[in-house]
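Read the structure below first, then the notes.
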Amino acid sequence: MSPKGTAVADGFSLFTDRSVVAMRVNGELRDLAWEVTDTDTVEPVTIDSEDGLSILRHSAAHVLAQAVQRVNPETKLGIGPPITDGFYYDFDTSEPFTPEDLKALEKEMQKIVKQGQRFVRRVVSDDDATAELANEPYKLELIGLKGGADAGSDNENVEVGGAELTVYDNVDPKTGEVMWSDLCRGPHLPNTKMIGNGWALMRSSGAYWRGSEANPMLQRVYGTAWPTKDELRAYQTRLEEAAKRDHRKLGVELDLFSFPDEIGSGLAVFHPKGGIIRHEIEDFMRRELLKNDYEVVNSPHITKGTLFETSQHLNWYKEGMFPAMHLDEVTDAEGNVTKQGQDYYLKPMNCPFHNLIFRSRARSYRELPLRLAEFGTVYRYEKSGTLSGLTRVRGLTQDDAHIYVTDEQVKDELKKQLEFVFATLRAYGLDDFYLELSTRDPEKSVGTEQQWADAEQTLREVGEESGLELVADPGGAAFYGPKISVQARDAIGRTWQLSTVQLDFNQPELFELEYAAADGTRKQPIMIHRALLGSIERFFAILLEHYAGAFPVWLAPEQVVGIPVAAEYGDYLDEIISRLRAEGVRARVDHSDDRMPKKIRTHTKLKVPFQLIAGEEDRAAGAVSFRFRDGTQLNGVPVDEAIARITAAIQSHEQVSTAWSE
RNA sequence: GCCCUGAUAGCUCAGUGGUAGAGCACUUCCAUGGUAAGGAAGGGGUCCCGGGUUCAAAUCCCGGUCGGGGCUCCA
């Protein structure tokens with residue numbers, strides 16, 4: 001502890017650079033108005049730093065709240081923290097916000113920003129705060145939480161996280177009048193003018209108070225804020241780019257899949273072009289499985305409930321399952337049951353079936369590791385509000401595998417699995433990964449502490465040995481065992497949880513699985529669940545967005561389209577195309593009566609990797625001209641060479657968007 | 001599941017109490033063309049479904065289905 005120094009200055013005199021919006025004093029974020037002493041360590045916080053952006057966004061949230069209460073003073077305040085790329089503020093209001101309301105609020109916010117109100121920090125006692133905020137029931141609740149054992153989430157800490165309670169007053173710079181106040185830990189920008197014009201309100205939605213379904217729903221307004229208008233524009237452009245590659249939009253444009261209303265929510269049909277992509281994804285996966293010592297199995301989509309009683313799924317996840325079909329019950333004329341019926345369920349998971357396959361006969365240690373793989377279609381009754389395109393559906397096909405190993409084999413097998421995962425994902429064009437280790441949630445787990453500790457340790461070692469970044473996810477494990485998951489970054493930097501490798505010491509026990517060990521005793525195997533692509537539907541969506549619909553040649557639904565310069569050259573192209581088709585290439589000639597530039601436009605929009613154009617010059621030379629997706633071209637390529645290059649590009653899983661360099 | 005919001009031609013969308021529209025796509029015909037839209041004509045809609053209000057409903061009200069944005073959830 002250093003002796004208390006003498007107050008010497010505030011941040012305004014220490015930092016004249018106008019991009020400094022706050023400072024760190026002895027590691028703590030402080031307003032520039034904070035008085036520092038000669039023994040303090042002081043660092044500037046600039047607006048474009050991570051802390052600076054959070055402060056900017058948090059201040060913008062305050063301005064939003066002030067605007068809301070100006071428009072409707074009856075509105076009660078929830079919380080208003082900064083978040084990635086922006087901020088939100090929750091309100092309890094009699095009428096939800098309409099888009100017009102948001103426009104009006106933006107205008108009101110602009111006035112507040114222009115006025116340049118100062119953010120002034122004021123320390124208050126719990127009692128004073130309680131009196132001052134008597135009309136703000138949610139804030140009172142937060143004050144009550146402060147200092148409790150469970151101090152609430154980070155977002156709530158933004159309001160009351162400090163050692164002492166503070167209120168920020170928004171003060172009119174001319175009159176000194178307090179325009180508005182909010183309970184807040186701070187720090188804030190010195191004044192609202194510094195929020196500038198790089199912000200916008202985005203949307204509104206409902207959100208449960210303190211994130212619990214049991215609590216009332218508040219109205220949340222989301223906004224975004226950046227140091228400059230240019231950065232705001234860049235952010236908006238980024239959102240537009242992401243929207244352009246939205247798989248739901250591309251799915252319609254490229255005629256890949258649809259969700260007919262007649263079938264029901266979350267249930268997709270794949271059209272021929274989506275179907276062939278899916279076929280290629282699965283076909284490649286199957287070949288890799290067989291090369292890597294998996295056995296391919298198959299199981300039905302429905303089963304009697306007893307199976308899921310054994311597996312405990314009916315106990316733990318019944319709400320997530322489609323309700324039972326009650327079958328085979330017989331009643332007499334009086335309605336008395338004369339024969340008990342049976343409950344049948346659509347399967348939400350494949351593992352119990354694989355356990356039955358394991359158990360179908362005596363197993364020897366010589367068979368282990370036994371790797372059972374299936375593209376198993378499962379049905380889950382996901383809540384209606386959580387469904388989203390192909391990424392969250394009610395009917396999905398998992399590329400599922402269950403691997404049964406001895407205790408000694410666990411580590412080697414996990415290693416092998418991770419390597420297999422990386423190699424496979426790379427073949428689909430995803431190569432930027434990190435790992436996440438999900439560990440025990442003591443509230444929700446079976447098995448002994450020792451089992452968990454050992455398993456988590458093994459997973460951690462394997463993860464660390466992979467050389468990839470390993471992120472902890474404490475409490476994220478399922479109840480039956482820890483898992484390691486592979487997160488992949490896509491072309492625009494978003495991360496997706498793909499593969500999971502999960503240990504399970506519960507099911508082998510529930511199903512009484514055993515094998516004969518070398519010494520003749522019976523032992524229980526350890527089970528590893530592993531999904532490599534996750535669900536095929538979701539993986540399909542991820543690839544579609546990753547490539548923005550411009551798939552590598554092997555996955556492209558149409559690989560080659562021949563475009564004759566005039567109808568006369570159609571026959572010549574037909575010959576070339578039939579040679580490609582004989583090689584298994586998806587190729588056709590566009591014989592429609594559109595003009596050539598129109599055909600080029602059509603197939604460019606459909607993102608066909610190779611357009612083969614032929615006219616007099618090409619025919620005379622026994623050649624074709626390539627046009628690639630980006631508009632580059634390669635003229636007069638001899639036909640044999642063209643075919644060889646196309647088939648090679650398919651073989652190698654290569655992405656081809658531009659002309660090959662010689 | 002909860003809050004908000006939407007549904008009009010295959011697609012994108014205009015129309016908002018009084019006979020249903022555009023562009024693209026599709027069909028046919030003309031045009032025979034060298035690198036992102038040649039021309040003309042034509043077909044195509046229980047305006048999501050069911051109730052209600054009204055002389056009259058695609059339009060207003062209620063319920064449902066499906067979509068979208070969030071919250072919660074995600075074995």
Side-chain angles (χ1 to χ4, degrees), chain A residues 88 90 93 95-99 101-102 202-222 243 246 248-249 252-253 255 258-267 308 311-313 315-321 348-352 378 380-389 391-394 396 398 444 476-481 483 497 500 502 504 506-507 529 531 534-535 538 563-570 592-606 611 613-618 625-633 635:
Chain A
Y88 67 79
D90 288 344
T93 173
E95 294 294 319
F97 298 102
T98 63
D101 291 337
L102 294 190
M202 305 296 284
R203 65 177 76 89
S204 67
S205 72
Y208 297 110
W209 168 239
R210 303 193 61 223
S212 167
E213 231 175 333
N215 287 340
M217 183 157 291
L218 306 181
Q219 295 303 316
R220 174 171 298 179
V221 176
Y222 283 93
D246 188 312
R248 293 166 298 191
K249 184 176 151 73
V252 175
E253 285 173 5
D255 192 16
S258 61
F259 288 89
D261 293 359
E262 291 83 345
I263 304 179
S265 282
L267 299 165
F308 291 120
S311 69
Q312 292 286 311
H313 285 107
N315 191 13
W316 292 85
Y317 299 110
K318 192 167 184 184
E319 332 69 60
M321 292 169 63
M349 291 202 92
N350 301 303
C351 31
V378 299
R380 298 177 176 185
Y381 190 68
E382 303 281 2
K383 290 182 184 178
S384 59
T386 66
L387 300 171
S388 177
T391 54
R392 192 82 181 269
V393 289
R394 284 180 170 166
L396 57 133
Q398 293 182 309
K444 211 178 84 172
F479 71 89
Y480 52 76
K483 75 170 178 206
Q497 177 177 305
T500 57
Q502 178 143 26
D504 187 340
N506 189 221
Q507 286 205 35
H529 302 247
S535 94
R538 185 164 173 278
I563 298 177
V565 162
E568 186 195 341
Y569 307 102
S592 71
D593 52 10
D594 286 331
R595 292 182 67 233
M596 191 194 67
K598 179 61 186 296
K599 291 182 182 178
I600 288 172
R601 177 181 152 87
T602 302
H603 300 108
T604 304
K605 283 179 75 175
L606 290 173
Q611 297 182 28
I613 298 170
E616 187 50 42
E617 285 171 36
D618 298 285
S625 294
F626 280 82
R627 184 185 163 105
F628 299 85
R629 285 191 280 224
D630 68 347
T632 53
Q633 58 196 77
N635 293 334

Under 4.0 Å, heavy atoms only, any strand: does [X] hit a base, just the sugar-phosphate, or nothing?
X: A:Q219; value: sugar-phosphate
X: A:G211; value: sugar-phosphate
X: A:A478; value: sugar-phosphate
X: A:R248; value: sugar-phosphate
X: A:G570; value: nothing
X: A:P348; value: base
X: A:S212; value: nothing
X: A:Y480; value: sugar-phosphate
X: A:R627; value: base
X: A:G534; value: nothing
X: A:H313; value: base

Please state whether the phosphate of [N], meaning OP1 or OP2, lies under 4.0 angstrom from any side-chain nitrogen or oxygen of [X].
X: A:S265; N: B:rC66; value: yes
X: A:Y222; N: B:rC3; value: no
X: A:K599; N: B:rU32; value: no
X: A:S384; N: B:rG1; value: yes

Please determine, for [N], whether a Watson-Crick or G-U wobble partner exists with both distances under 3.5 Å, and give it or none.
N: B:rG63; result: B:rC49
N: B:rG23; result: B:rC11
N: B:rC29; result: B:rG39

Whole-Å [atom1] distance, [N] and [M]:
N: B:rG67; M: B:rU12; atom1: C1'; answer: 16 Å
N: B:rG68; M: B:rU8; atom1: P; answer: 14 Å
N: B:rU72; M: B:rC4; atom1: C1'; answer: 15 Å
N: B:rC74; M: B:rA20; atom1: C1'; answer: 44 Å
N: B:rG23; M: B:rG38; atom1: P; answer: 16 Å
N: B:rG17; M: B:rC30; atom1: P; answer: 47 Å
N: B:rU5; M: B:rC62; atom1: P; answer: 11 Å

Handout entry: Comparing A:F479 and A:E568 on RNA chain B - which has the more 5′ nearest nucleotide
Key =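 Whichever sits nearer the 5' end wins; that is A:E568.
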Exercise for the section: Tell me which of A:G385 and A:I600 sits closer to the 5' end of RNA chain B, going by the nucleotide each one is nearest to. Expected result: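 The residue whose closest nucleotide sits nearer the 5' end is A:G385.
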Problem - Minimum heavy-atom distance A:K599-A:P564, with the two atoms named - result: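 What the structure gives for the nearest pair is NZ-CD, 4.2 Å.
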Exercise for the section: Might you confirm whether atom CZ of A:F479 has over 12 heavy atoms from other residues, nucleotides or ligands at distances under 6.0 Å? Expected result: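 Check passes, neighbour count above 12.
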Problem - Under 3.5 Å donor-acceptor pair, A:D618 side-chain atoms to B:rG34 base atoms - result: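 Per atom types, the contact qualifies.
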